[in-house]
Chemist: 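Have a look at the structure that comes next, please.
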Amino acid sequence: MPMREVLLYPDPRLKQVSEAVGSIDDLEISRLIHDLLDTLYDAPGCVGIAAPQIGEMKRIIIIDASRNPKNPPNRGQMILINPIIEDQSGELLAREGCLSIPDLTANVRRPEHIKMVAFNEKGEEVRFETGGFEARVILHEYDHLDGVLFLDRVASLKTDVFRRKRYAPPSAKPT
């Protein structure tokens, strides 16, 4: 399946609430999941993606927090369809970025632990608890399903938002 174009802020579709997936065994949903996987793994360092980010207003998120080597081991790839946060606790302030807002990062306060229920790509219900970085990634992508961007969660646009530092390969530096 092809990698899909990621919507960039201020595209108004990023602020829309997504609709629940009706039939998980639908061929269209299977294609969408494959497109999301291809898009996720094509983006260096990307650890999560939500269907609205590629213009599909469906409640599907894909997480692979193991792609960030700075964080402890976790479940690896998770496909979450119609996810629901059942409980959350704690609070942690940490830096976030987003494929849809590629030039900025921000300090965002989020719950540290979550309990969630969702369906996987086979239509099986999955229930789990997680915390730390993996919970943050899930919550970030979950927000996309409700039309919420990480910039909507910062305490101060003036003090908590930063321009992303871009790496310039040695060959690109002027001589």
Chemist: Kindly work out whether a path of hydrophobic side-chain contacts (I/L/V/M/F/W/Y, heavy atoms less than 4.5 Å apart) joins I138 to V148.
Modeler: no
Chemist: Between the side chains of R136 and E112, is the shortest nitrogen-to-carboxylate-oxygen separation below 4.0 Å, so that they form an ion pair?
Modeler: no
Chemist: Are F128 and K115 close enough, and set up right, to give a side chain to side chain contact (heavy atoms under 4.5 Å, CB included), and what steps lead you there?
Modeler: CA-CA 6 Å; F128 62 93; K115 289 182 184 179; over 6 Å; no
Chemist: Got a second to check how far Q53's CD is from D11's CG, nearest 0.5 Å?
Modeler: 11.5 Å
Chemist: Within a strict 4.5 Å, meaning less than it, do heavy atoms of the E129 and H113 side chains meet?
Modeler: no
Chemist: CD1 of I54 to CE of M3: how many Å apart, nearest 0.5 Å?
Modeler: 10.0 Å
Chemist: Would you call R164-D103 a salt bridge at under 4.0 Å N-O?
Modeler: no
Chemist: Begin from the C-alpha positions of L80 and E141 and carry the test side chain to side chain contact (heavy atoms under 4.5 Å, CB included) through to its verdict.
Modeler: CA-CA 10 Å; L80 304 174; E141 300 308 332; over 6 Å; no
Chemist: Inspect the contact between K122 and D25 and indicate whether a charged nitrogen and a carboxylate oxygen are less than 4.0 angstrom apart.
Modeler: no
Chemist: Does any non-hydrogen side-chain atom of Y41 lie less than 4.5 Å from one of D64?
Modeler: yes
Chemist: Side chains of V47 and I63: does their closest heavy-atom pair fall under 4.5 Å?
Modeler: no
Chemist: Tell me which one of R59, K58, R13, M57 satisfies side-chain contact (heavy atoms from CB on, under 4.5 Å) with P52.
Modeler: M57
Chemist: Are I101 and L8 close enough that some pair of their side-chain heavy atoms sits under 4.5 Å apart?
Modeler: no
Chemist: Do I114 and D87 come close enough that some side-chain heavy atom pair is under 4.5 Å?
Modeler: no
Chemist: Rounded at 0.5 Å granularity, tell me how far CD1 in I79 sits from CZ in F119.
Modeler: 15.0 Å
Chemist: Using a 4.5 Å cut-off on heavy atoms from C-beta on, say whether the side chain of C98 contacts that of H144.
Modeler: yes
Chemist: List the atom of L32, the atom of A51, and the distance in Å for their closest heavy-atom pair.
Modeler: CD2-CB, 4.2 Å
Chemist: Using the rule that two of Ile, Leu, Val, Met, Phe, Trp, Tyr join whenever any of their side-chain heavy atoms come within less than 4.5 Å, decide whether L104 and L157 are in one cluster.
Modeler: yes
Chemist: So which atom in I85 and which in M116 form the shortest heavy-atom distance, rounded to 0.1 Å?
Modeler: CG1-CE, 3.4 Å
Chemist: Contact between L139 and Q88 at the side-chain level, heavy atoms closer than 4.5 Å - yes or no?
Modeler: yes
Chemist: CD1 of I33 to CG of L40: how many Å apart, nearest 0.5 Å?
Modeler: 13.0 Å
Chemist: Does the pair N120 and I81 meet the rule for a side chain to side chain contact (heavy atoms under 4.5 Å, CB included), with working shown?
Modeler: CA-CA 6 Å; N120 65 19; I81 302 169; over 6 Å; no
Chemist: Taking it one step at a time, do Q77 and L37 satisfy side chain to side chain contact (heavy atoms under 4.5 Å, CB included)?
Modeler: CA-CA 9 Å; Q77 182 189 96; L37 287 165; 3.3 Å; yes
Chemist: Is it the case that the side chain of S100 and the backbone of Y9 share a donor-acceptor pair, with hydrogens and angles ignored and the cut-off at 3.5 Å?
Modeler: no
Chemist: Are F133 and L92 co-members of a hydrophobic cluster defined by side-chain heavy atoms under 4.5 Å apart?
Modeler: no
Chemist: Is a salt bridge present between E125 and R127, judged by a nitrogen-to-oxygen distance below 4.0 Å?
Modeler: yes
Chemist: Using modelled atom types and a 3.5 Å cut-off, is there a donor and acceptor pairing between side-chain atoms of D152 and backbone atoms of L149?
Modeler: yes
Chemist: Identify the two heavy atoms, one from N82 and one from A20, that lie closest to each other, and give their separation to 0.1 Å.
Modeler: OD1-CA, 3.3 Å
Chemist: What heavy-atom pair brings C46 and L99 nearest, and what distance separates the two atoms?
Modeler: SG-CD1, 3.5 Å
Chemist: Hey, could you give me the CD1/CD distance between I24 and E124, rounded to the nearest 0.5 Å?
Modeler: 10.0 Å
Chemist: If you take all heavy atoms of R153 and D143, which pair is closest and at what distance?
Modeler: NE-OD2, 2.5 Å
Chemist: Measuring from I62:CD1 to L36:CG, what's the distance to the nearest 0.5 Å?
Modeler: 4.5 Å
Chemist: With a 4.5 Å heavy-atom cut-off, do E96 and R110 have their side chains touching?
Modeler: yes
Chemist: Give the minimum heavy-atom separation between L145 and P83, together with the two atoms involved.
Modeler: CD1-CG, 3.7 Å
